[in-house]
Amino acid sequence: QLQLVESGGGLVQPGGSLRLSCVASGVAPDYDLIGWFRQTPGKEREGVACIKVPGGNTNYADSVKGRFTISRDSAKNAVYLQMNSLKPEDTGVYYCALDRGLYGGLYLSLHSDDFGSWGQGTQVTVSS
């Protein structure tokens with residue numbers, strides 16, 4: 001049984017930084033991408049970043065380009081999201097997820113429907 005566990009969320013002031021971690025354990029289904037998503041009450045889950053496995057190609061939502069960086073440590077079965085220059089609109093619950101392997105890694109999707117294995121989420125609050 002696959003488990004994805006996110007950590008690293010918290011309260012940070014605008015302009016600050018946080019580093020989120022997602023550690024996987026157990027048996028994973030076939031997948032090509034690991035993604036980070038976020039959700040706020042009343043809004044749909046939004047794709048933030050994804051990374052191709054293997055290969056390392058990345059894709060980012062326009063709203064976070066230049067501020068967020070996704071990376072992976074295969075030895076630790078971990079994926080990270082370094083978030084810099086945080087803004088209040090970055091507030092939300094952040095989830096990591098594995099995709100369903102629909103595109104063979106040819107399409108770096110940020111659509112939540114393309115992802116099938118999810119963690120429980122970690123809260124990020126950006127506020128002064």
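For clarity, every value in this text was computed on a predicted model and none was experimentally measured. Position 1 is the first residue of the sequence, and the numbers go up from there.
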Just wondering, do [Y] and [X] contact through their side chains at under 4.5 Å, heavy atoms?
X	Y	answer
Phe37	Val48	no
Thr69	Tyr60	yes
Ile34	Arg72	yes
Val53	Leu33	no
Asn57	Leu108	yes
Pro88	Ser127	no

Over all heavy atoms of both residues, which pair between [X] and [Y] is shortest? Give the atoms and the distance, please.
X	Y	answer
Leu98	Ala28	CD1-CB, 4.0 Å
Gly8	Thr122	N-OG1, 4.2 Å
Pro29	Ser117	CG-OG, 3.8 Å
Leu20	Gly9	CD2-N, 3.6 Å

Is it the case that one hydrophobic cluster holds both [X] and [Y], taking links as side-chain heavy atoms less than 4.5 Å apart, direct or via other members?
X	Y	value
Met83	Val93	no
Ile51	Val64	yes
Leu2	Val23	no

TODO: Would you please classify the geometry between the Trp118 ring and the Tyr95 ring as parallel, tilted or perpendicular, with 30° and 60° separating the classes?
DONE: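 Rings of Tyr95 and Trp118: perpendicular, over 60°.
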
Open item on the list: Check Asp90 with Arg38, please: is the shortest side-chain N to carboxylate O separation under 4.0 Å?
Closed with: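 Counted as a salt bridge, because a side-chain N and a carboxylate O are separated by less than 4.0 Å.
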
Task: Glu6 side-chain N/O to Ser21 backbone N/O, donor-acceptor pair under 3.5 Å - done: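 Side chain of Glu6 to backbone of Ser21: no pair is present.
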
Open item on the list: Looking at Pro54, is its backbone amide N or carbonyl O close enough to the side chain of Lys52 to form a donor-acceptor pair, meaning the two atoms are under 3.5 Å apart?
Closed with: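 Answer holds: yes.
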
Using 0.5 Å steps for rounding, measure from the [atom1] atom of [X] to the [atom2] atom of [Y].
X	Y	atom1	atom2	answer
Leu18	Phe68	CG	CZ	9.0 Å
Ile70	Gln82	CD1	CD	12.5 Å
Glu44	Ser112	CD	OG	7.0 Å
Asp113	Arg45	CG	CZ	10.5 Å
Tyr80	Trp36	OH	CH2	10.5 Å
Ser109	Leu102	OG	CG	8.5 Å

Task: Residues Ser63, Glu46; criterion side chain to side chain contact (heavy atoms under 4.5 Å, CB included); working and verdict - done: CA-CA 11 Å; Ser63 59; Glu46 174 192 16; 3.6 Å; yes

- [ ] Determine whether more than 12 heavy atoms belonging to other residues, nucleotides or ligands lie under 6.0 Å from atom CD of Gln3.
- [x]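 Result for CD/Gln3: open.
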
Task: Test applied, side chain to side chain contact (heavy atoms under 4.5 Å, CB included); reference residue, Cys50; option that passes from Thr58, Asp114, Leu110, Asp32 - done: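 With Cys50 as partner, side chain to side chain contact (heavy atoms under 4.5 Å, CB included) holds for just one option, Leu110.
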
